[in-house]
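Worksheet: one structure, shown below.
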There are 2 protein chains.
Amino acid sequence: MDIRDIARLSGYSVGTVSRAINDKPNVSEKAKARIQQVMREQGYQPNPNAQHLKQSTRTSIGVLVKGAHNQLFAELVEHVQASLGQVEEESQLVYLDEDADEVAEAVRYQSSLHFKGILFLGGDPANFRAGFEAITIPCLLLTNTAESIGRDNLSSFTTDDAKAAAEAVDELVRFGHRRIGIIGGNRRPEQIGTLRLQGAMDALERHGVPFEVERDYEPCRFSMRDGYDATMCLLRRRPDLTAIFALGDVMAIGAMRALRDVGRPVPESISVVGFDGIEASKFTVPRLMTVRQDVEGIAEKGVAALLERLEDPAKEPVHERVGHTLHRGESLCPPPHDIYHTLYEGMAS
Amino acid sequence: MDIRDIARLSGYSVGTVSRAINDKPNVSEKAKARIQQVMREQGYQPNPNAQHLKQSTRTSIGVLVKGAHNQLFAELVEHVQASLGQVEEESQLVYLDEDADEVAEAVRYQSSLHFKGILFLGGDPANFRAGFEAITIPCLLLTNTAESIGRDNLSSFTTDDAKAAAEAVDELVRFGHRRIGIIGGNRRPEQIGTLRLQGAMDALERHGVPFEVERDYEPCRFSMRDGYDATMCLLRRRPDLTAIFALGDVMAIGAMRALRDVGRPVPESISVVGFDGIEASKFTVPRLMTVRQDVEGIAEKGVAALLERLEDPAKEPVHERVGHTLHRGESLCPPPHDIYHTLYEGMAS
DNA sequence: CTGAAAGCGCTTACAG
DNA sequence: CTGAAAGCGCTTACAG
């Protein structure tokens, strides 16, 4: 069943059928109606390969998600697909490991899946620096900045992670915390966790709060399980902490569970602050205090920018910081002043 | 830059270049080496549209996910992609609304995205009954059974939802609960929520526990927010409940938060049981009692079955129930016997 | 082992 | 408004 069959059955030529299919001008209403009827009767669907071959178009936008366990990306994906769907753009999702080289993967996929643009959810600037030159189609990085990469086909939208992390620390300090531990990320330069850690550490220093990264920080991947384990690890070194700042909500949820398991009620015995503002953070018990990223804003602005550059590839790249909000939660309260902490205070210093 | 340019530059004909690209026999090592060198120099990538047009092959497996807020599907997707990735199969994810007609969407996508097979994550048998005949490629339904559809290109793997829900109720009753509310699903026939509700109601009846669906059940979609709202709703009618069975973990998480907000501690004042066994259920406070589906088993067996039928489309369809496990959690304990409940008991009956 | 040629199913000037 | 014809970039018998 191809376009010739439809032409034969409808009594029109192949050219007219093609014009009818594509809603081109210069087809009589009569012809269009007849052709559509035949197509429906036959259940005919044009062969997309042939269509694209002729139009030499590439079809879909690749969406590379770096880290399947980070709920934040799931929410971003949802908004991205919504924005893309509104303009009838097809997208294609690929999940990568949190530690994968997303740029190398993109190079691999670019041709085999014929993307016309690529949207990176999460990314490591080091990978972009190393391999992005092989990619020539318009690209967009969300949740990290690509400004320093300096490629003219790469835009980026992200939260100001360092600033937001600093604000979270300000809040912890304002509540009276002076023994603060941090979990999450991997300390590789320019990675999102590292940016947050750096922002937090700068703020701690500004407030004169002692923080030694080897002792007070525990790296981990973005998942509840890893947050749980990292918390257990950190507590072994610093049982006297009065607050834990998890550099991602999924880790914060794991942390709260771990604290419960070691009999440290949150927030009475120890406070927890997260980062991201995922849906689940609104439903934890206690409700999580967190830095909420503007997921919808990042997705919508990002997609809009990408679409503009798909239209006009010569357009200058943009790099924008999208606003965030500090979201009060029940998981943060002033530190306890009981004998337990007084006891540990002496031990730890 | 097309295959002719490579032919010209390498000094071979288009046919030989094509054979070299596709690793066909009848190309000398010398020619292959020279051609590969030129391709690399030119950064040439064959046009996939043209390749597929000629081979008239379909490439990827479509994965239609019905309900973006259900974490269970996110976990299934992960396992599905892992299984598919091992055999180098490409998959393409499409997220649909929980109430979308997944079969109508599949019909739409089948041609435009040239799938060679379709994997449905979640599905309503009514939709399959109405429109599946238009789909001729091998298909697989996960998390619901398609046995009664009786199509020879449709297999299915699922948990025995009715049986599992009944077991959860058995457990609630065994703990002494007699005033049990249920939330989740939409009561449309054969839907997963309805199967679970039915299994639960049958068990309640078997135990002689009174249950009136109009009063003791509140429908809702599979999300934390909806679970929260449904719980609030149900509590207004039945403040005397000692247990809530949420027909999905995401709703159970919402329910626990709602109960906390109205000052009903879980499980001391009221117990909560979920269904699915998503990752987050292991990290809630209190830890959720739930029916854990064998996500990995469902994904792996399902994918294996689909791949077999992609190889040999004549193969008989399979419909299998994959085992589940009841997972004890802290959210279930015996009902309280305090004045509060005695009070309400009189009011409610 | 290699080349010349037909054809995959469409779209799009071009001529009428 | 419609039709006949060229061509998109490949692959694959077929002939050598």
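Here is the naming used below: chain letters follow the sequence lines, and residue numbers restart at 1 for every chain. Basis for what follows: all heavy atoms, side chains included, without hydrogens, waters or symmetry-related copies.
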Distance check needed: [N] [atom2] versus [X] [atom1], whole Å only.
X       : N      : atom1 : atom2 : value
B:Ile6  : D:dC10 : CD1   : C1'   : 13 Å
B:Arg8  : D:dG9  : CZ    : C1'   : 15 Å
A:Ile3  : C:dC8  : CD1   : C1'   : 13 Å
A:Arg4  : C:dT11 : CZ    : P     : 13 Å
B:Met1  : D:dC10 : CE    : C1'   : 15 Å
B:Asn22 : D:dG9  : CG    : P     : 17 Å
B:Ile21 : D:dG9  : CD1   : P     : 13 Å

Please pick, from [options], the nucleotide with the shortest atom-to-atom distance to any side-chain atom of [X].
X       : options               : answer
B:Tyr12 : D:dT11, C:dG3, D:dG9  : C:dG3
B:Thr16 : C:dG3, D:dT2, D:dT11  : C:dG3
B:Ala50 : C:dT12, D:dG9, C:dT2  : D:dG9
A:Asn26 : C:dG3, D:dT2, C:dC8   : D:dT2
B:Pro46 : C:dT2, D:dC10, C:dT11 : D:dC10

### Query
Want to settle it: does A:Val27 or A:Val14 sit nearer the 5' end of DNA chain D, counting the closest nucleotide to each?
A:Val27

### Query
If you measure only the distance, is there a donor-acceptor pair under 3.5 Å linking the side chains of B:Asn70 and B:Glu98?
no

Polar atoms only, N or O, under 3.5 Å: list the protein pairs with nucleotides 13-15 of chain C and their distances.
| from | atom 1 | to | atom 2 | distance (Å) |
| --- | --- | --- | --- | --- |
| C:dA13 | N6 | A:Arg19 | NH1 | 3.2 |

### Query
Does A:Asp124 pair with A:Lys66 as a salt bridge, N-O distance under 4.0 Å?
no

### Task
Give none if D:dA13 has no partner; otherwise give the nucleotide forming a Watson-Crick or G-U wobble pair with it, both distances under 3.5 Å.
none

[N] phosphate, OP1 or OP2: any side-chain N/O from [X] under 4.0 angstrom?
X       : N      : result
A:Lys24 : C:dT11 : no
B:Gln51 : D:dT11 : yes
A:Tyr44 : C:dC10 : yes

### Message
Please list, in numerical order, the residues of residues 30-42 of chain A that have a heavy atom closer than 4.0 Å to any atom of DNA chain C.
### Response
none

### Task
Would you indicate whether the side-chain heavy atoms of B:Ile61 and B:Leu307 approach each other to under 4.5 Å?
yes

#### Entry: Note, B:Leu154 side chain near B:Pro317 side chain (heavy atom, < 4.5 Å)
no

Quick one: does any side-chain atom of [X] pair with a main-chain N or O of [Y] as donor and acceptor, under 3.5 Å?
X        : Y        : answer
A:Asn127 : A:Ala130 : no
B:Asn153 : B:Ile137 : yes
B:Ser155 : B:Val318 : yes

#### Entry: Interatomic distance at C1', C:dG16 relative to C:dT12, whole Å
16 Å

### Message
How long is the straight-line distance from NZ of B:Lys301 back to CD of B:Glu320, given to the nearest 0.5 Å?
### Response
4.5 Å

### Message
What contact category does A:Ser18 fall into here, base, sugar-phosphate, or nothing, at under 4.0 angstrom with non-hydrogen atoms?
### Response
base

### Summary
The side chain to side chain contact (heavy atoms under 4.5 Å, CB included) partners of A:Ser148 (sequence neighbours excluded) come to A:Arg129, A:Glu190

### Message
Are A:Phe120 and A:Phe128 an aromatic pair, judged by ring center distance below 6.0 Å?
### Response
yes

